[in-house]
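Here is the structure we will look at, set down as C-alpha cells.
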Protein chains: 2
Amino acid sequence: MDIGTAPQPWLSDAPWAALEAKFSRYLALSDAERDCLASWQAPARVMPRRRDLVREGNDVACVYLLCRGIVSRYRVLPDGRRQILGFGLPGDVIGFPSCSLARAAASVCCITESEVAAIPLEQFASTLTRFPRIAAALFWIAARETALAQERLVTLGRRGAEERVAYFFLELCALLHKGRPRDGERIAFPLTQEIIADTLGLSTPHANRTLRRLRDQRLLALDGQEAILLDARGLIALASFDPAHFAAMPIPGL
Amino acid sequence: MDIGTAPQPWLSDAPWAALEAKFSRYLALSDAERDCLASWQAPARVMPRRRDLVREGNDVACVYLLCRGIVSRYRVLPDGRRQILGFGLPGDVIGFPSCSLARAAASVCCITESEVAAIPLEQFASTLTRFPRIAAALFWIAARETALAQERLVTLGRRGAEERVAYFFLELCALLHKGRPRDGERIAFPLTQEIIADTLGLSTPHANRTLRRLRDQRLLALDGQEAILLDARGLIALASFDPAHFAAMPIPGL
DNA sequence: CGTAGTCTTGATTTCCGTCAATCGGGGTGG
DNA sequence: CCACCCCGATTGACGGAAATCAAGACTACG
C-alpha cells in the first residue's frame, strides 16, 4: 500500500518554510518583510499531543505561530458536548482575528505534537502597522477562513451524515494540496474518528458507521495515518462540493 | 398587548443614523470621516421584499450599505436545501469581507423591503486607504461577525432544536439591544418560521412545534410582528447562552 | 503482558424530517 | 362589498436518521 508517500505538512522537516510559503502565495516578500516573519519564529516551544494552547475565556496576550503539527479550535458546552470549529496547520497564525476580543472565544488544542512560537500582542500589532502588506495578507487569509466557516455552517445545518463526511475529506484535501481533489488522492490523516465526529456534529459511533458506508461504496479508504480518496468524483457529487469556494484570490493592491 | 412599542431599527425614520451609530460605538468620528460615510449613503435604492441583492457566484463589483430593512445571507444546495448564514441590519456593510473573493460565495436577499446604497469596489477600497481608522473599525466589525458565525457552528453542530430556537432569539436580542436580555423583553420580529428553520437547520414544521413547546413552557411568546422573551433567565439556561460572546470590544489603537 | 485509547458493532430509543391537510388573515380584483 | 386566493402558521401521522448505551476487538506502547 505504499505507506509514507503522502505529504505530511504538519511533520515537515522545514517548519519555518510554512509561514513564508503561505505569504508567498499572496505577495512577493521584501527582505525586510521576510526578516520580520522570521523573527516571529525564534522562540518556538514544543507542545505535546492533547495539550491546550489556548483555553476559552482566558485573557488574550499572544497570538501563536504554528511551526509544526496540527491544532484544533473548539468550544465545549457546559454539559461537555464539544464542537470543533476548525483546524490550524503549519504557517497558520493562531488567535487571529480573535485577538480582537478581550477573552478567547474558543480553546485551541494540539492534535499532534506541535511546535509553536508565541508572539506577544504588542509585537504582533507593531508588525501590522510597520508592514501594511503583511497586515493585508493576514486580513485576506482571515477572510478566506470566514468563507470556510460559512461553508461549514451549510454542512452542519443542511447536509446529512454521509455528505458531511465526504465534504470533510474534500475540504481537508483542498486545504492541503490547494487543488481540486483527484481520484486516488492520498492525504496524511492524523485525526481520530472522535475528532471527525466533533467537527461534523455527529456522535462517534455514527461517524464510524458513516465512514464504513463510504468505504463499502468504494468512495474512500482509511489506512493507518492516511486517507485515500478512491473516487473523488463520487465524493464531490455526494457532498455537493464546489471547489470554487476554496480558490484563493490574489490581493488586488498586491 | 400594546402593539408597536417595540423598537424597529429596520423601519427607522432616520436610516442614515445607523451607519454613524455603528461606527460611533468603536471610535469618535472626525468631520472628514463623517463626510466620507455620508457620501456612501447618497444614491440609495429601494428593494422589495424577497428580492435578491446579491446572487451566489456573480462577480463582485460593489459592496452595499444597508440603510433600512433587514436582509439575509444564504446558500442553497443543488437540490434546493437552503441554509441562512446570517442577517444584515441597517448600518451593516453587505459584502464585506467577502468582496475579497472574486465571486460571491453566498446570496443576499431582502427579508423586508429595504433601502440600500451600492458602493463601487474602487470607491470602497479608496476609502479604506484614505481613512485607516474606518478600515480598522470595519475589520473589527468583521471579526465580531466571525465570532458570531462560530457560535452558530456550535448551535448547528451540538444543540438540539429547543436550544437552537432559544439561542436564536437570545442572539437576536443581543444584536438589537446590545445588552443582556431581560425578562419580558420585546423585540421586533419580521421573520417567518421558514426563515427561522433555515437559519437553525430545522424543517419548518419542526421549528413551529419547537416554538410551541417554548410557548407552552412560558419561555417565549410571539405576537404578530414582535417576539417577547417571557423568561430570559430560562432561555439563557436552556440554550447555554453566554452573553460574553456578544460583548463588543473597543479598538486598542482607537 | 497489561493497559489505555481507539475503532467497531449491535440493540434500542429519541429526535427530527417528510408528507399532507387545515386554518386564518390580508390583500386584490370583480 | 364580498369572494377568492396566496402565504404563512399549525397540526397530525408516519418513517427514517442519528443519538445513546453497551460491549467487545484491535493496536500501540510501556
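So you know, we letter chains A, B, ... as the sequences are listed, proteins then strands, and number each from 1.
The two residues B/Val60 and B/Arg103 come nearest to each other via the heavy atoms CG2-C, 3.9 Å. Listed here is the closest heavy atom pair of B/Ala221 and B/Leu230: CB-CD1, 4.0 Å.
Among the heavy atoms of the strands lying under 4.0 Å from A/Ser203 is at least one base atom, whether or not backbone atoms are also near. Backbone-only engagement by A/Leu202 is indicated by non-hydrogen atom pairs under 4.0 Å involving sugar-phosphate atoms exclusively. In this structure, B/Gly201 reaches the sugar-phosphate backbone alone: every heavy-atom distance under 4.0 Å involves primed, P, OP1 or OP2 atoms, never a base.
In this structure the side chain of A/Phe87 never reaches within 4.5 angstrom of the side chain of A/Arg73, judged on heavy atoms.
For C/dC7, the OP1/OP2 oxygens have no side-chain nitrogen or oxygen of A/Arg215 closer than 4.0 Å. At the phosphate of C/dC15, neither OP1 nor OP2 sits under 4.0 Å from any side-chain N or O atom of B/Arg159. The side chain of B/Asn208 contributes an N or O atom lying less than 4.0 Å from OP1 or OP2 of D/dT10. For A/Arg164, no side-chain nitrogen or oxygen approaches OP1 or OP2 of D/dA17 to under 4.0 Å. Contact check, B/Arg212 against D/dT11: a side-chain N or O comes under 4.0 Å of OP1 or OP2.
What separates CD of B/Glu194 from P of D/dC7 is a distance of 11 Å, to the nearest Å. B/Asp198 places its CG atom 13 Å from the C1' atom of C/dG17, with the value rounded to the nearest Å. B/Leu156 places its CG atom 15 Å from the P atom of D/dA18, with the value rounded to the nearest Å. Computed from coordinates, the B/Gln225 CD to C/dG26 P distance equals 11 Å when rounded to whole Å. Regarding B/Gln193, its CD atom lies at a distance of 12 Å from the C1' atom of D/dC7, rounded to whole Å. Look at CD on B/Gln83: it is 12 Å from P on C/dG17, rounded to the nearest Å. Atom CG of B/Leu214 is separated from atom P of D/dT10 by 13 Å (rounded to the nearest Å). As a whole-Å value, the separation of A/Phe189 CZ from C/dT6 P is 13 Å.
Set against D/dT11, D/dT10, D/dG8, the side chain of B/Pro205 has D/dT11 as its closest nucleotide. The listed nucleotides are C/dC16, C/dT9, D/dG8; the one nearest the side chain of B/His206 is C/dC16.
Classification of A/Asp198 and A/Arg81 as a salt-bridged pair fails, no side-chain N sitting under 4.0 Å from a carboxylate O.
Interface remark: the A/Arg213 side chain does not form any donor-acceptor pair with the C/dT9 base, using a distance-only criterion of under 3.5 Å. Residue-to-nucleotide contacts include a donor-acceptor pair under 3.5 Å from the side chain of B/Arg209 to the base of D/dG12. For B/Arg81 against C/dG17, no side-chain N or O and base N or O form a donor-acceptor pair under 3.5 Å.
The local environment of CZ in A/Arg213 is crowded, with over 12 non-hydrogen atoms from other residues, nucleotides or ligands closer than 6.0 Å.
If you find the closest nucleotide of DNA chain D to B/Arg49 and to B/Arg158, the one lying nearer the 5' end belongs to B/Arg49.
The SG atom of A/Cys173 sits 9.5 Å away from the CG atom of A/Leu235 when rounded to the nearest 0.5 Å.
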